[in-house]
Amino acid sequence: MRTKNLEATARALVAKGKGILAADESFPTIEKRFKKINLPSTEETRQSYREMLFTTKGLGDFVSGVILFDETIRQGTSGRTPFTTVLEREGIIPGIKVDKGAKALAGYPGEKVTEGLDGLRDRLAEYRELGARFTKWRAVIAIGDGIPTRFCIDANAHGLARYAALSQEAGLVPIVEPEVLMDGGHTIEQCEEVTETTLKSVFFHLHAHRVALEGSLLKPNMVLSGKECPTQAGIEQVAEATVRCLMRSVPGAVPGIVFLSGGQSAEIATAHLNAMNAMGDHPWELSFSYGRALQGPALETWHGKAANVAAAQKVFHHRAKLNGAARRGEYSQSMEAAA
Ligand code: 13P
């Protein structure tokens with residue numbers, strides 16, 4: 001296996017001061033995001049939006065890689081430069097989401113399993129041709145009455161491991177994303193317990209599938225209070241619980257952990273990452289692979305209007321810069337105002 005190349009790519013994706021932009025929203029998800037600014041989701045609006053993001057000057061100073069969606073990896077700028085070329089010119093590595101979404105798990109009400117393994121080997125070969133150097137697969141675990149079940153956790157971990165092995169076979173770094181959702185009234189302690197159980201199952205299955213951890217990245221949730229939990233853990237408590245949970249479940253051979261934002265506000269997601277990096281050195285790089293927490297403020301500013309592109313890019317660049325600072329534990333709330 002081309003482990004050396006995989007390792008080099010994985011390390012480049014978690015270079016100091018940088019992280020990943022998740023811009024791989026599926027058709028239903030981007031439609032949901034655009035609805036907030038009253039914009040219909042069409043091929044043109046999706047292209048314009050992604051062009052605004054990817055042509056932001058200096059983005060490569062803080063963004064190491066971008067996760068694209070199937071439609072997006074085939075698109076380019078209005079001047080017909082492929083997006084993959086635009087990103088590479090900025091020193092940014094193109095990646096691709098390869099799962100086909102989380103679907104209801106038969107026999108297990110309220111739980112989901114991610115689909116997309118059939119035909120994956122062929123799709124991976126095509127994505128590599130199109131310029132992708134890494135991939136992402138997301139599994140979701142919900143906390144609720146009697147869930148998650150052990151069966152759901154293991155079924156998702158098995159899927160993640162099968163995907164990761166295929167991705168490495170194709171010479172593409174897998175980003176393994178088991179997301180414990182923040183929806184619900186559960187406590188931070190419940191989130192920590194479920195996250196630890198989930199990660200241990202994921203690494204058991206990755207080992208069984210002979211995945212080279214050095215050439216992979218983990219994309220987990222942070223350990224948080226459920227959105228509807230009456231007591232909300234503070235920044236330091238989240239940072240401590242998250243690092244403790246990861247120390248107990250993630251081998252040091254993994255080069256980096258790139259968190260999802262999962263519905264946290266942009267500022268809180270940055271503050272959490274910063275607090276973890278400010279704790280000192282960890283066995284792995286602690287970085288970001290944010291979707292909403294990176295794009296949210298820029299999307300609001302853009303509002304679907306060409307006249308707002310420059311302003312939106314400024315906001316986007318600033319958000320990326322703040323997360324770059326959080327990678328080093330050098331972010332402070334006062335830096336928010338500089339936008
Ligand atoms: P969020 O940061 O918005 O959770 O998105 C990250 C992602 O890629 C989810 O799959």
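It should be emphasised that the depicted structure is a prediction, and the values quoted were computed from it without experimental measurement. As the structure lists them, so they are numbered: ligands from 1, and atoms in each ligand from 1. Here, residue 1 is the first one in the sequence, and each next residue gets the next number.
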* Quick one: does N308's side chain have a donor or acceptor within less than 3.5 Å of a partner on G304's backbone? -> no

* Asked: Is there any side chain to side chain donor-acceptor pair (under 3.5 Å) pair reaching into residues 232-248, and which pairs are they, with sequence neighbours excluded?
  -> E192-R244

* Structure fact -> Under a side-chain separation threshold of 4.5 Å, the hydrophobic residues clustered together with F151 are L105, Y108, V113

* Asked: Can you list every salt bridge (Lys or Arg N to Asp or Glu O under 4.0 Å) pair that touches residues 86-100, not counting sequence neighbours?
  -> D24-K97

* Protein residues having a heavy atom less than 4.0 Å from any atom of ligand 1 -> A22, D24, K136, R138, E177, K219, L260, S261, G262, S289, Y290, G291, R292

* Asked: H209 vs H205 aromatic rings, parallel, tilted or perpendicular, using cut-offs 30° and 60°?
  -> tilted

* Asked: Aromatic rings W137 and Y163: how do their planes relate, parallel, tilted or perpendicular, breaks at 30° and 60°?
  -> parallel

